[in-house]
Amino acid sequence: MNVFQYPALKDNYNWIISCNKTRYCAGIDIYDTSIFFDYIKKNDLIPIAILNTHHHHDHTGGNNAIFEKYKQIKFYGSDYDLQHKRIECQTDGLDEGDKVNIGDITLNVLNIPGHTLGHICYYNKSAAFVGDTLFASGCGRLFEGTPKQMYHSLEKIIDNIDHSTPIYCGHEYTESNLNFSSSLNSKYFADYRQRIKLERQDNKMTVPTNIKTELKYNPFIMVRDKYLKKEILNLDKYSSEEAFSILRNKKDNF
Ligand SMILES: [Fe+2]
């Protein structure tokens with residue numbers, strides 16, 4: 001399985017996954033279609049699907065142009081978004097436990113509501129596409145869901161996805177997320193923040209991340225760990241879920 005990641009808009013990421021054996025490929029959350037079409041042509045690939053994590057336009061904005069060019073392909077998103085008809089061109093709805101095959105690649109589906117109610121992720125051992133739910137050192141804003149839903153979606157990601165699997169997040173937010181983390185504990189996050197700062201100065205992508213890193217440096221996940229919650233985040237008088245909610249609130253006003 002190949003994963004090609006490219007930036008779109010101000011800070012979004014788009015992906016093309018392809019099967020080496022069959023040459024079948026799928027686009028994930030495509031906004032920039034010119035790079036998508038070029039990559040397919042250059043690599044002689046056969047597009048069979050678009051996989052959307054959620055309905056926001058910066059993740060689905062390429063669907064119409066792709067449909068115009070490849071009328072036969074499938075457009076996947078959640079059952080919820082299909083019912084609400086809010087992903088353009090969507091043909092198929094997915095629910096937790098469903099699988100999508102792209103040639104020899106099989107992707108599993110989890111429902112991860114919070115950022116939106118129809119948010120899903122696609123994952124296997126080689127890659128996980130988590131949209132706007134989990135970011136490197138952060139998590140998505142709660143546009144539709146509750147803090148409780150988001151907290152449980154993050155737990156689901158941690159419990160189901162291998163901790164070394166590359167996690168492809170929807171946006172390049174790592175540096176600004178670390179600015180927030182540093183406001184919670186500047187010493188603890190200093191080295192990691194500096195490393196990310198230098199990478200961004202060189203215009204490097206800091207996505208993908210993996211769960212191993214997030215367990216250590218993502219405050220929204222660190223609240224699960226008794227020691228980190230107390231010693232690093234100073235939130236020991238709250239339950240993990242309450243601490244998550246406090247942090248999400250703080251970040252919204254940061
Ligand atoms: Fe979004």
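Quick note: residue numbers are just sequence positions, from 1. Ligands are counted one by one from 1 in listed order, and the atoms in each one are counted from 1 as well. Quick caveat: nothing in here was measured; it's all calculated off a predicted structure.
Evaluation of the side chain to side chain donor-acceptor pair (under 3.5 Å) rule for N253 yields N249 as partners, not counting sequence neighbours. Residues passing the side chain to side chain donor-acceptor pair (under 3.5 Å) test with N179, sequence neighbours excluded: R193. Considering only residues two or more places apart in sequence or on other chains, N124 meets the side chain to side chain donor-acceptor pair (under 3.5 Å) condition with none of them.
For the residue pair H115 / H56, a side-chain donor-acceptor distance below 3.5 Å is found, with atom types taken as modelled.
For F4 and Y39, the ring centers sit closer than 6.0 Å to each other.
The shortest side-chain heavy-atom distance between R248 and C139 falls under the 4.5 Å cut-off.
Listed by chain and number, the protein atoms of type N/O/S under 2.8 Å from the Fe ion (ligand 1) are H54 NE2, H56 ND1, H115 NE2, D132 OD2; waters are omitted.
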